[in-house]
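Count residues from 1 along the sequence.
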Amino acid sequence: MNKRKAGTAPPYGGAWEGQQEKPNPQDGSNMPGKSKHVKLSSILNADIQKKNHNTQIIQNVSSVTSKLGNANLKQPGGFGKNRPHQRWDKAKEIFPRKNFPWHVFPTPIKDCLNQLARSMAISPLCLPGMVFAFCSAAIGRKATVEIKHGWTEPFIFWIADIRTSGDGKTPAMKALRTPFYDLQKNEEEHARKEQERYDALPKGKKEKAPKPKPARNYFLTGFTLEGIRDALAGHPTGGIIVTLNELSAFITGQNQYKTTGNDREAWLELFDGTPNKTVRAGGKNIWIDKSAVSLIGGIQPDVWRHIIHDKTILIHDETLFRMLCTFEFFSFYELTDEEWSQQHQKLWSDVIIKIFRWADNIDDTLVIKFSNAAKQYFYWYRNNLYAIRNELPDPLNGFIPKSISYIARIAGVLHILSAFVNNRFPHHTIELNTVKDAIAVIRFYLGQIVDAVMYVHSQDEIKKTELVRSDERAILFAQVLRQERDNVENGLLGIGYLYKKINETACSTIFSSPRSFGAYLKNLGLETTGKHNFRGQRGVRCLKWNDRVENFLQQFADIADVRRTVGGHRNQSESLDLSISTDNTNVADVTILNKKN
């Protein structure tokens with residue numbers, strides 16, 4: 001393969017000279033297997049759909065966390081202090097940190113999630129993973145994605161939200177869990193009444209009457225593996241969501257009641273959705289052939305780092321590799337009057353309830369297959385990804401196979417979610433564009449995973465200022481500062497002036513007031529002043545242009561100017577499209593979806 005000259009870079013979003021052409025599934029030209037593998041950073045940027053989305057966050061910003069590579073890395077993985085860091089640099093080049101590709105969701109879901117983030121003043125990046133997990137729990141084992149004969153993927157997701165304390169990990173998860181809570185509450189009440197009715201029977205009738213069934217489990221917040229197995233026994237779909245305020249409970253709790261045991265091994269089987277048979281004390285057998293246990297948990301960066309270091313087995317038994325992570329250190333989002341209204345809550349709840357009712361009422365598992373074009377594109381991506389595995393750091397290698405599995409799972413969720421948002425039943429075929437969207441999603445997560453794993457294996461503490469680069473608003477602000485350097489007066493720039501410039505550059509309302517923007521500047525560690533004269537105006541609060549500003553700009557010296565709307569923030573005049581399509585063209589009979597439990 002042709003290699004670039006030192007110090008050069010490909011065009012923004014473009015390809016290196018000599019890059020392998022992307023496949024054309026329509027005519028079969030340039031398909032995988034025809035040539036040598038190529039530079040993946042170019043391949044991955046080659047053919048993901050480019051659409052205009054008013055709420056999409058800055059995308060394709062490469063090398064957003066390059067300073068992380070300066071940390072001195074130690075074992076495991078063979079990265080001692082005497083080893084060069086080229087492999088981590090390669091990983092960051094291939095999987096640059098970028099924003100979530102919001103266009104993959106139906107517009108009502110995308111707007112609903114971003115509104116939830118705005119209402120809670122949190123980063124929206126944790127929310128897509130929660131959507132994948134919650135939808136998968138509703139689907140259960142009533143659907144599966146078949147890539148080819150003998151290779152199927154279940155609807156199971158393990159999501160890790162790695163953020164500092166107080167950044168809103170739990171409230172958003174609870175908000176999206178609401179329909180599960182409502183279903184569980186109704187189920188518990190029904191089970192209680194059935195038990196009371198059974199207990200009231202005369203002795204003779206009670207002996208002949210069947211015992212009431214225990215309440216079905218929709219979600220769990222505390223668990224042991226034995227409890228999970230009990231919850232799955234006799235479950236109609238096998239779909240359960242486990243929501244944990246602290247993911248560390250899942251990691252440290254494995255085998256906690258045993259000096260020897262196979263809890264971890266059993267969890268790995270549950271992730272794969274494979275049948276599980278357990279022999280309890282006393283000879284009791286529990287057979288589970290339909291399990292779809294998804295997991296969402298929050299964890300603080302330092303706790304994440306400490307636990308993974310202490311339990312190095314997680315690197316070798318693939319527990320860690322099964323997690324889709326979002327990793328954010330720096331997070332300041334303005335709290336405003338915006339709310340996640342009843343309309344938003346109803347939209348989300350309606351979609352989840354429709355999926356549940358569909359899954360509960362179909363007899364046979366829906367096998368969803370890739371179209372031929374989608375399958376060939378999937379193979380092409382997978383082969384190129386595998387071809388560069390040996391160029392990546394050892395701790396990242398294990399994520400590659402699981403990321404390929406997740407592409408199929410993500411494509412399946414997007415396929416089913418789109419159907420129900422549009423009041424249709426899902427059909428049997430996943431098309432090419434859905435696979436491309438799933439690849440865009442997994443690229444986002446791989447960029448997050450690179451940072452999360454580097455943080456685990458770094459020898460020295462990583463400063464928050466080095467992770468500011470992951471904040472798209474900081475990238476945009478750095479661009480504005482570079483543009484306004486010549487307008488500095490007496491070492492000052494007006495905060496109100498910069499506030500207007502950053503909103504103009506973003507083509508959106510990033511900050512609602514100069515006061516909130518000033519708070520953001522202080523959170524960045526920059527210095528502000530009292531009232532001064534600026535550009536002919538008196539009594540203006542200003543930003544001091546000093547070494548702190550220069551150091552801040554230096555962090556973004558390698559990032560190109562970006563002029564895009566920042567996702568998660570919309571123009572106030574923009575209305576939210578929350579309606580679910582009622583187009584009757586090819587719409588399925590939704591009688592089942594609308595009937596009451």
Side-chain angles (χ1 to χ4, degrees), residues 52-59 61 64 99 102 111 114-115 117-119 121-124 330-338 465 468-557 559-576:
N52 294 323
H53 302 281
N54 291 334
T55 59
Q56 188 173 350
I57 303 178
I58 303 169
Q59 294 192 15
V61 179
V64 178
N99 185 57
W102 291 100
D111 291 345
N114 279 305
Q115 185 64 24
R118 283 191 291 269
S119 71
I122 64 170
S123 167
F330 178 84
S331 182
F332 171 80
Y333 290 85
E334 180 186 5
L335 182 64
T336 67
D337 287 335
E338 296 203 52
T465 54
V468 168
R469 289 166 55 88
S470 66
D471 182 1
E472 289 81 6
R473 297 165 302 166
I475 298 171
L476 194 67
F477 179 50
Q479 174 186 329
V480 170
L481 284 178
R482 287 196 296 267
Q483 294 170 346
E484 299 301 323
R485 183 187 291 271
D486 293 340
N487 291 323
V488 174
E489 292 183 1
N490 300 317
L492 302 174
L493 275 175
I495 291 176
Y497 174 80
L498 288 173
Y499 155 77
K500 292 180 181 178
K501 289 296 181 180
I502 193 169
N503 283 340
E504 289 173 1
T505 303
C507 304
S508 179
T509 304
I510 307 302
F511 299 96
S512 64
S513 68
R515 181 182 294 274
S516 66
F517 178 58
Y520 177 73
L521 297 182
K522 292 179 180 178
N523 210 290
L524 286 174
L526 303 179
E527 291 186 65
T528 59
T529 71
K531 296 180 179 180
H532 294 268
N533 294 336
F534 179 76
R535 296 178 71 87
Q537 296 184 11
R538 301 178 61 182
V540 176
R541 297 188 181 276
C542 296
L543 168 71
K544 285 185 179 180
W545 193 290
N546 53 21
D547 289 343
R548 293 190 183 186
V549 172
E550 294 293 349
N551 292 336
F552 173 80
L553 287 175
Q554 186 60 36
Q555 296 179 60
F556 301 91
I559 297 179
D561 283 355
V562 180
R563 295 177 180 272
R564 302 193 183 188
T565 302
V566 177
H569 298 272
R570 60 181 171 83
N571 191 300
Q572 296 300 314
S573 64
E574 200 176 322
S575 62
L576 290 174

### Message
With rounding to the nearest 0.5 angstrom, report the CG to CG distance, Leu481 to Leu498.
### Response
6.0 Å
### Message
Quick check on Glu527: does its CD atom have over 12 non-hydrogen neighbours (other residues, nucleotides or ligands) under 6.0 Å away?
### Response
yes
### Task
Look at the side chain of Tyr520 and the backbone N and O of Ala474, then say whether any donor-acceptor pair between them is shorter than 3.5 Å.
yes
### Summary
Closest heavy-atom pair, Asn487 versus Leu493, reported as atoms and distance to 0.1 Å, is O-CD2, 3.6 Å
## Note on the structure
NZ of Lys544 to CG of Leu521, rounded to nearest 0.5 Å, is 13.5 Å
### Message
Using a 3.5 Å distance criterion without hydrogens, assess whether the side chain of Asn503 forms a donor-acceptor pair with backbone atoms of Phe511.
### Response
yes
### Query
Has the side chain of Arg548 got a donor or acceptor atom that lies under 3.5 Å from a matching backbone atom of Gly525?
yes
### Query
Going by atom types only, do Glu484 and Tyr497 share a side-chain donor-acceptor pair under 3.5 Å?
yes
### Heavy-atom closest pair, residues Asn114 and Pro124
OD1-CB, 3.8 Å
### Task
Without swapping roles, check the side chain of Glu489 against the backbone of Arg535 for a donor-acceptor pair under 3.5 Å.
yes
### Query
Do Arg473 and Phe517 meet the cation-pi criteria used here (NZ or CZ under 6.0 Å from the six-membered ring centre, within 45° of the axis)?
no
### Message
Could you measure the distance from the CD1 atom of Ile495 to the OG1 atom of Thr529? Nearest 0.5 Å is fine.
### Response
6.5 Å
### Query
Are the side chain of Glu334 and the backbone of Ser512 linked by a donor-acceptor contact shorter than 3.5 Å?
yes
